[in-house]
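Have a look at the structure below, then the notes.
Quick caveat: nothing in here was measured; it's all calculated off a predicted structure. So that the names make sense, note that chain A is the first sequence line, chain B the second, and so on, each numbered from 1.
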There are 2 protein chains.
Amino acid sequence: MKNWDEVRTAFQVARMGTVSGAAEVLGVHHATVIRHIDALEAQLGVKLFQRHARGYTATEAGEDLLRVAQATDDQFAQLAGRIKGRGADVSGDLVVTSLAALAQKVAPLLAAFQQQNKDVYVRYLTGDRLFRLEYGEAHVAIRAGVAPDQPDNVVQHLLDMQVGAYASRSYVAAYGQPDGPEDYAKHRFVGTESRESRAPYYVWLQENVPPASVTFRCTDPRAARAAIEAGAGIGFLDQSYAGEQADLVEIHAPRPEWSAPLWLVTHVDLHRTTKVQALLRFIKEQTAQGAL
Amino acid sequence: MKNWDEVRTAFQVARMGTVSGAAEVLGVHHATVIRHIDALEAQLGVKLFQRHARGYTATEAGEDLLRVAQATDDQFAQLAGRIKGRGADVSGDLVVTSLAALAQKVAPLLAAFQQQNKDVYVRYLTGDRLFRLEYGEAHVAIRAGVAPDQPDNVVQHLLDMQVGAYASRSYVAAYGQPDGPEDYAKHRFVGTESRESRAPYYVWLQENVPPASVTFRCTDPRAARAAIEAGAGIGFLDQSYAGEQADLVEIHAPRPEWSAPLWLVTHVDLHRTTKVQALLRFIKEQTAQGAL
DNA sequence: CAGTAAGTGTTCATTCACGCACAGAGGCAA
DNA sequence: TTGCCTCTGTGCGTGAATGAACACTTACTG
C-alpha cells in the first residue's frame, strides 16, 4: 500500500460508483482515475471493482477499502480543521525560555497571560543551557545582551534594563560609599569570571576599577546577586529589582552606557502564529506599563 | 487535505526526523520530500516542521499529523493484508444465481458446499429478472440455453440436461399416448409463448406438432411444469426431475437433439479468485457424480 | 426505433513533478 | 582551527503521469 493517492482515487470511485464522477470530485481527468485503479489492483493482485458500461461497482475488497478510506478521509478532514484552526486560536502548549535571572519578572507575566488565555498550557524553561528556538525547544525566548543574529530568528527589542551599582547595607556599614572613581581602589567589587564578557557594565568595570578591587567573580548572575546581597562588594543589578530590596543601597544610579538590552526572540516559522503574536503583544503591553 | 501522498511524506519526515531519512524510506529523492512538505504547509497555512541543519522537528501541528498519519498507515497495512489474503481463502459472501427452475437441484448443492466451507455465507438468488454478473450482482451464475456471449463472462459448459416429453397420469388416462407423429394432431401440448424460443425442444415442437395442438403456452418454465403436472398436455421436462415424479408418464425418452446445455458463468474479474474456483470445482465434481 | 446522454477505455501530445548535481550550513573529531 | 560528514535547499533537464480527443457501449426517452 505504497501510494496513498491511488487509495484516495479508489475511495472516490467506490463512493461515486462511476469513474467519471470520481474524476470530477477529484478534479482530474477520468483517464487518470482509470490508471490509478488499474495500478492499485495490479499492486494488490485483486480486483477492487467490476467494470461495466454504467460504472464501477465495488467488490468485497473494494467495499473494504471504501470503509477504511472513508475513515481516513474523515480523520484527515478533522486533522486539517485542527491544524488550520490552531493557527487562529490561542491554545495548546506555549513554551517560553529566558535567562534564569529574569524568572522573577517573567513568571508573573506568563501567569497573567495564562489567566487571560485559559486554553494555553504555559511551559517556562530556564536552565543552565541555552534552549534553542531553531530546534523547536521553545516558541519564544527572552534574551539579554547583544542582539541574537541567528538567521531564522525574529528579534524584537523589548526594553533596556536600567542597571545601577548596588551594595548591601552590611557592606556600606563596613566600607562606606565611594565618593568618586578615586575611591574604587579602596572598595570591593563583584564582577564576572569571564574576561571577555560583553555586558556593558562589566566592560565599564574592567576599564574603571583596578582588578585588585574585584574580589569576587562568578559566572552566574544569580550568584552575583546573592554575593552582593551577602555583602561581598559593589555589583551591578537591575534597578527595578534592586529598588525593591530594602537591604540594598544604590551606589551609582543607572547610567545609559550600562543599560542592557532585552530581546524578544521567536523562530521565524512560529512568529506569525496568532498564539505567539498574542504573547508577544501581551509582553510588550505589560512592559510598557512597567511590569519589567 | 487534497493530496494524501503529501501527508504520507510528511508522516515519514515526522517519524524519521530528517528529510533525507524520509526520502530513503519513501524511495524518492530528498528534493521531492522538501517540495511535498512545502506544498502541504502552504496548503494548510501552518508550519508543520521547524527546519534546521540537523533535520526537521515537528511542531504541534506536525505531531498531530504524525499521530493521525500513523493510524492511517496502520489501517492501510491491515487493509492491504486483508485484501491480499482475501484472494487466498474461501470466506465471505458467495452469491450464486440461476433460473428458478434449477433451484431444487442447486440449493442442496450449495448447502453441501457451505458445509464444507464454514466461512462462506451463501446467497442464492433466483428471481424473475436475470441477475447480472457484470454489475456485481453475483459471483457465479448457472445459465441454460445458448452459451452466453457477454465479453466479460467466463463460460464453462456444465452438462447437457436430458429433456424428455412427459405428461401427467391424468392426461394419459384421458388422451392416451401418441404412437407416432401422426397422432400429434389428436393430442395437446404445452409449449412456449415466445415464438422465437431458442430451446431445441421447442424448435422441435414448432416443426413437428401442428400449432393447433399446442393448447397451452406460457413463458415461465415453472408454469409449464405446473401445467404439465395438472394434465394440460404433453410437455418437456428435465429427465432427472420428471423421473422422480410418480405422477408423470414418459411420452418420449430424452433425445440428443432436445438436450439443453447448462453453463457455469462467472465474471472475468472474479473467475480467478480461489473462492469462486472452489465453488466451480465443487459443482463440477458433484455434477460428474450425478447430483444434477 | 432513432436519438441522446452518460460512461468506459485507448491513443497521443504535453506538462508537471521528479531525480540529478551542486552549493551552503552546521556539527563533530582530530 | 581544519577537514570531513551529514543534512538542507535550489536550478535544470528529463520522463512519467496527466489531460485532451475520439471510439465504443449501454441505458433511457419521446
Side-chain angles (χ1 to χ4, degrees), chain A residues 2-10 12-43 47-58 62 129-130 132-137 148-153 267-269, chain B residues 2-6 8-10 12-43 47-58 62 129-130 132-137 149-153 267-269:
Chain A
K2 200 172 132 67
N3 201 323
W4 287 13
D5 271 343
E6 288 175 357
V7 177
R8 178 164 179 262
T9 302
Q12 288 297 347
V13 172
R15 241 168 56 95
M16 296 287 115
T18 66
V19 169
S20 306
E24 192 176 359
V25 172
L26 294 168
V28 297
H29 200 267
H30 75 269
T32 302
V33 174
I34 292 175
R35 282 189 284 254
H36 280 187
I37 301 298
D38 288 348
L40 194 56
E41 287 183 341
Q43 205 177 105
K47 289 286 170 190
L48 295 171
F49 300 95
Q50 295 203 49
R51 296 127 165 83
H52 44 88
R54 294 299 302 276
Y56 278 33
T57 61
R129 71 186 182 86
L130 204 63
R132 306 188 61 166
L133 294 177
E134 59 269 28
Y135 281 52
E137 292 186 309
D149 58 349
Q150 301 259 7
D152 289 344
N153 287 357
H267 193 279
V268 65
D269 286 347
Chain B
K2 203 171 130 66
N3 201 324
W4 287 13
D5 270 345
E6 288 175 358
R8 177 162 180 264
T9 301
Q12 288 296 346
V13 172
R15 243 168 55 94
M16 296 287 115
T18 65
V19 169
S20 306
E24 193 175 358
V25 172
L26 294 167
V28 298
H29 200 267
H30 74 271
T32 302
V33 174
I34 293 176
R35 282 189 283 255
H36 279 188
I37 300 299
D38 289 348
L40 195 56
E41 287 182 342
Q43 205 176 105
K47 288 287 171 190
L48 295 170
F49 300 95
Q50 296 202 49
R51 295 127 164 84
H52 44 88
R54 296 299 302 273
Y56 278 31
T57 60
R129 71 185 182 88
L130 205 63
R132 307 186 61 164
L133 294 177
E134 59 269 29
Y135 280 49
E137 291 186 309
D149 59 349
Q150 301 260 6
D152 290 343
N153 287 357
H267 193 278
V268 66
D269 287 348

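- Below the 3.5 angstrom threshold, one finds no donor paired with an acceptor across the side chain of H30(A) and the base of dG7(C).
- Atom pair R54(B):CZ and dG24(C):C1' shows a separation of 16 Å (rounding to whole Å applied).
- Residues Q43(A) and E6(A) are in side-chain contact: their nearest non-hydrogen atoms beyond the backbone lie under 4.5 Å apart.
- Here H52(B) lies in heavy-atom contact (under 4.0 Å) with sugar-phosphate atoms only.
- In this structure the side chain of T18(A) never reaches within 4.5 angstrom of the side chain of Y56(A), judged on heavy atoms.
- S20(B) comes within 4.0 angstrom of a base, heavy atoms only.
- For the residue pair M16(B) and G21(B), the shortest heavy atom distance occurs at CG-C, 3.9 Å.
- Nearest-nucleotide mapping onto DNA chain C: of A53(A) and R35(A), the residue sitting toward the 5' end is A53(A).
- In terms of heavy atoms, H36(B) sits closest to T9(B) at ND1-OG1, 2.8 Å.
- Rounded to whole Å, the distance from CG on D38(A) to P on dT8(C) is 12 Å.
- Here the P atom of nucleotide dT8(C) and the CE atom of M16(A) are 13 Å apart, to the nearest Å.
- Rounded to whole Å, atom C1' of dT10(C) lies 17 Å from atom CD1 of I37(A).
- In this model, the phosphate group of dG19(D) is approached by a side-chain N or O of T32(A) to a distance below 4.0 Å at OP1 or OP2.
- Computed from coordinates, the I34(B) CD1 to dA23(C) P distance equals 17 Å when rounded to whole Å.
- Atom C1' of nucleotide dG7(C) and atom CD of Q50(A) are separated by 17 Å, given to the nearest angstrom.
- Counting only heavy atoms from C-beta on, T18(A) has its side chain closest to dT8(C) among dT8(C), dG19(D), dG19(C).
- At whole-Å resolution of the value, CD in E24(A) and P in dG19(D) are 14 Å apart.
- Rounded to whole Å, atom C1' of dG9(C) lies 16 Å from atom NE2 of H36(A).
- Between Y56(A) and dG9(C) there is a side-chain polar atom (N or O) within less than 4.0 angstrom of OP1 or OP2.
- In this structure, NZ in K2(A) is found 9.5 Å from CG in D5(B), a value given to the nearest 0.5 Å.
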